Amino acid sequence: MKLLVINGPNLNMLGIREKNIYGNGSYKELLEYIEKVCDEENIEVDFFQSNHEGAIVDRIQEAYGDFDAIVINPAAYTHTSVAILDALKAVNIPCAEVHLSDIYQREEFRHHSYISLAAIKTIYGKGFEGYKEAILFLKNYVIEK
Ligand code: DQA
(Lines give C-alpha, C1' and ligand atoms only; values in the text may rest on other atoms or scores of the structure.)
Protein backbone atom coordinates (compact mmCIF):
# COMPACT_ATOMS: atom_id res chain seq x y z
CA MET A 1 0.00 0.00 0.00
CA LYS A 2 1.17 3.48 -0.91
CA LEU A 3 0.17 6.32 1.42
CA LEU A 4 0.45 10.09 1.01
CA VAL A 5 0.53 12.19 4.20
CA ILE A 6 -0.33 15.85 3.65
CA ASN A 7 0.10 18.53 6.29
CA GLY A 8 -1.20 22.04 5.78
CA PRO A 9 -0.13 25.51 6.90
CA ASN A 10 1.91 26.09 10.05
CA LEU A 11 2.30 22.39 10.82
CA ASN A 12 5.98 22.81 9.90
CA MET A 13 6.06 24.97 13.07
CA LEU A 14 5.12 22.09 15.40
CA GLY A 15 7.24 22.15 18.53
CA ILE A 16 7.37 25.96 18.31
CA ARG A 17 3.75 27.01 17.76
CA GLU A 18 1.21 27.00 20.61
CA LYS A 19 2.72 24.04 22.47
CA ASN A 20 -0.15 24.06 24.97
CA ILE A 21 -2.45 23.13 22.08
CA TYR A 22 -0.28 21.12 19.71
CA GLY A 23 2.29 19.60 22.08
CA ASN A 24 6.10 19.68 22.18
CA GLY A 25 6.81 17.34 19.28
CA SER A 26 8.38 18.94 16.19
CA TYR A 27 7.28 18.42 12.58
CA LYS A 28 10.42 16.31 12.04
CA GLU A 29 9.46 14.14 15.02
CA LEU A 30 5.95 13.76 13.60
CA LEU A 31 7.38 12.48 10.32
CA GLU A 32 9.68 10.06 12.18
CA TYR A 33 6.69 8.80 14.18
CA ILE A 34 4.63 8.24 11.02
CA GLU A 35 7.58 6.60 9.24
CA LYS A 36 7.93 4.12 12.12
CA VAL A 37 4.22 3.26 12.02
CA CYS A 38 4.39 2.77 8.24
CA ASP A 39 7.55 0.62 8.52
CA GLU A 40 5.80 -1.65 11.02
CA GLU A 41 2.71 -1.87 8.82
CA ASN A 42 4.64 -2.41 5.60
CA ILE A 43 3.27 0.77 4.05
CA GLU A 44 5.19 2.91 1.58
CA VAL A 45 4.81 6.54 2.65
CA ASP A 46 5.40 9.96 1.06
CA PHE A 47 5.11 13.29 2.86
CA PHE A 48 4.01 16.72 1.71
CA GLN A 49 3.71 19.91 3.72
CA SER A 50 2.72 23.30 2.37
CA ASN A 51 1.52 26.64 3.61
CA HIS A 52 -0.21 27.25 0.26
CA GLU A 53 -3.70 26.09 -0.66
CA GLY A 54 -3.01 25.73 -4.41
CA ALA A 55 0.13 23.67 -3.77
CA ILE A 56 -1.94 21.25 -1.69
CA VAL A 57 -4.56 21.05 -4.47
CA ASP A 58 -1.76 20.35 -6.99
CA ARG A 59 -0.27 17.60 -4.80
CA ILE A 60 -3.66 15.90 -4.38
CA GLN A 61 -4.23 15.98 -8.15
CA GLU A 62 -0.75 14.53 -8.78
CA ALA A 63 -1.56 11.68 -6.39
CA TYR A 64 -4.24 10.41 -8.78
CA GLY A 65 -3.38 6.92 -9.96
CA ASP A 66 -0.30 6.80 -7.76
CA PHE A 67 -1.52 6.42 -4.16
CA ASP A 68 -3.92 4.04 -2.40
CA ALA A 69 -4.79 6.36 0.46
CA ILE A 70 -4.30 9.89 1.82
CA VAL A 71 -3.96 11.12 5.40
CA ILE A 72 -4.49 14.86 5.53
CA ASN A 73 -4.27 17.46 8.25
CA PRO A 74 -5.40 20.49 6.26
CA ALA A 75 -4.80 22.73 9.32
CA ALA A 76 -6.51 26.12 8.91
CA TYR A 77 -7.71 25.20 5.39
CA THR A 78 -9.98 22.63 7.06
CA HIS A 79 -12.36 25.44 7.87
CA THR A 80 -12.16 27.40 4.62
CA SER A 81 -11.12 25.34 1.63
CA VAL A 82 -13.72 24.19 -0.88
CA ALA A 83 -10.78 23.81 -3.32
CA ILE A 84 -9.07 21.12 -1.21
CA LEU A 85 -12.43 19.40 -0.65
CA ASP A 86 -13.06 19.38 -4.42
CA ALA A 87 -9.56 18.04 -5.16
CA LEU A 88 -10.08 15.14 -2.74
CA LYS A 89 -13.44 14.40 -4.34
CA ALA A 90 -11.94 14.63 -7.82
CA VAL A 91 -9.20 12.02 -7.25
CA ASN A 92 -11.50 9.86 -5.10
CA ILE A 93 -8.59 8.36 -3.13
CA PRO A 94 -9.70 7.06 0.30
CA CYS A 95 -8.84 9.83 2.70
CA ALA A 96 -8.69 10.24 6.48
CA GLU A 97 -8.65 13.67 8.11
CA VAL A 98 -6.53 14.25 11.21
CA HIS A 99 -6.35 17.11 13.69
CA LEU A 100 -3.87 17.13 16.55
CA SER A 101 -6.19 19.20 18.72
CA ASP A 102 -9.86 18.72 19.53
CA ILE A 103 -11.27 21.25 17.10
CA TYR A 104 -14.74 20.87 18.66
CA GLN A 105 -13.50 22.14 22.04
CA ARG A 106 -11.95 25.25 20.50
CA GLU A 107 -13.25 28.43 18.83
CA GLU A 108 -16.54 28.03 17.00
CA PHE A 109 -14.97 28.74 13.58
CA ARG A 110 -12.97 25.51 13.97
CA HIS A 111 -16.07 23.37 14.46
CA HIS A 112 -16.87 23.17 10.76
CA SER A 113 -14.72 21.11 8.38
CA TYR A 114 -15.16 21.20 4.61
CA ILE A 115 -12.69 18.31 4.38
CA SER A 116 -14.95 16.01 6.42
CA LEU A 117 -17.28 15.94 3.41
CA ALA A 118 -14.62 13.98 1.50
CA ALA A 119 -13.00 12.07 4.37
CA ILE A 120 -14.12 8.57 5.26
CA LYS A 121 -12.85 9.13 8.79
CA THR A 122 -12.00 12.17 10.92
CA ILE A 123 -9.79 11.91 13.99
CA TYR A 124 -9.17 14.83 16.33
CA GLY A 125 -7.69 15.58 19.73
CA LYS A 126 -5.28 12.65 19.88
CA GLY A 127 -2.01 14.37 18.99
CA PHE A 128 0.51 12.33 16.95
CA GLU A 129 -1.44 9.13 17.73
CA GLY A 130 -4.32 10.40 15.60
CA TYR A 131 -2.10 9.88 12.54
CA LYS A 132 -1.47 6.27 13.57
CA GLU A 133 -5.17 5.65 14.03
CA ALA A 134 -5.86 7.15 10.59
CA ILE A 135 -3.16 5.00 8.95
CA LEU A 136 -4.42 1.77 10.54
CA PHE A 137 -7.99 2.63 9.59
CA LEU A 138 -7.03 3.29 5.96
CA LYS A 139 -4.93 0.13 5.76
CA ASN A 140 -7.93 -1.93 6.86
CA TYR A 141 -10.22 -0.04 4.50
CA VAL A 142 -7.95 -0.54 1.48
CA ILE A 143 -7.43 -4.26 2.23
CA GLU A 144 -11.17 -4.87 2.61
CA LYS A 145 -12.11 -2.94 -0.53
C1 DQA B 1 -5.35 21.70 13.32
C2 DQA B 1 -6.58 22.47 13.82
C3 DQA B 1 -6.85 23.69 12.94
O4 DQA B 1 -8.00 24.39 13.42
C5 DQA B 1 -5.67 24.64 12.97
O6 DQA B 1 -5.88 25.72 12.10
C7 DQA B 1 -4.36 23.96 12.69
C8 DQA B 1 -4.14 22.59 13.16
C9 DQA B 1 -4.96 20.56 14.29
O10 DQA B 1 -4.12 19.75 13.89
O11 DQA B 1 -5.44 20.52 15.42
O12 DQA B 1 -3.46 24.57 12.14
O13 DQA B 1 -5.68 21.10 12.07
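In each ligand, atom 1 is the first atom listed, and ligand 1 is the first ligand listed. The structure presented is a predicted model; accordingly, all values stated were derived computationally and were not measured.
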Discussion item. Do Leu30 and Tyr124 land in one hydrophobic cluster if side-chain heavy atoms of ILVMFWY residues count as linked below 4.5 Å?
Written reply: no
Item to complete: Return the orientation label for the His79 and Phe109 ring planes: parallel under 30°, perpendicular over 60°, tilted otherwise.
Response: perpendicular
Discussion item. Tell me whether Arg17 forms a cation-pi arrangement with Tyr22, defined as NZ or CZ under 6.0 Å from the six-membered ring centre and within 45 degrees of its axis.
Written reply: yes
Worksheet item: If you group Ile, Leu, Val, Met, Phe, Trp and Tyr by side-chain heavy-atom gaps below 4.5 Å, do Tyr64 and Phe67 land in one group?
Response: yes
Worksheet entry | Exercise: do Ser116 and Glu97 side chains pair donor with acceptor under 3.5 Å | yes
Discussion item. Please enumerate all residues that pass salt bridge (Lys or Arg N to Asp or Glu O under 4.0 Å) together with Glu29, with sequence neighbours excluded.
Written reply: none
Once you restrict both partners to nitrogen or oxygen, which atoms of ligand 1 have a protein partner under 3.5 Å, and how far apart are they?
residue, atom, partner, partner atom, Å
ligand 1, 4 (O), His79, NE2, 2.7
ligand 1, 4 (O), Arg110, NH1, 2.9
ligand 1, 6 (O), Ala76, N, 3.2
ligand 1, 6 (O), Arg110, NH1, 3.1
ligand 1, 10 (O), Asn73, ND2, 2.8
ligand 1, 10 (O), Leu100, N, 2.8
ligand 1, 11 (O), Leu100, N, 3.2
ligand 1, 11 (O), Ser101, N, 2.9
ligand 1, 11 (O), Ser101, OG, 2.6
ligand 1, 12 (O), Arg17, NH1, 3.2
ligand 1, 12 (O), Arg17, NH2, 3.1
ligand 1, 13 (O), Asn73, OD1, 2.8
ligand 1, 13 (O), His99, ND1, 2.8

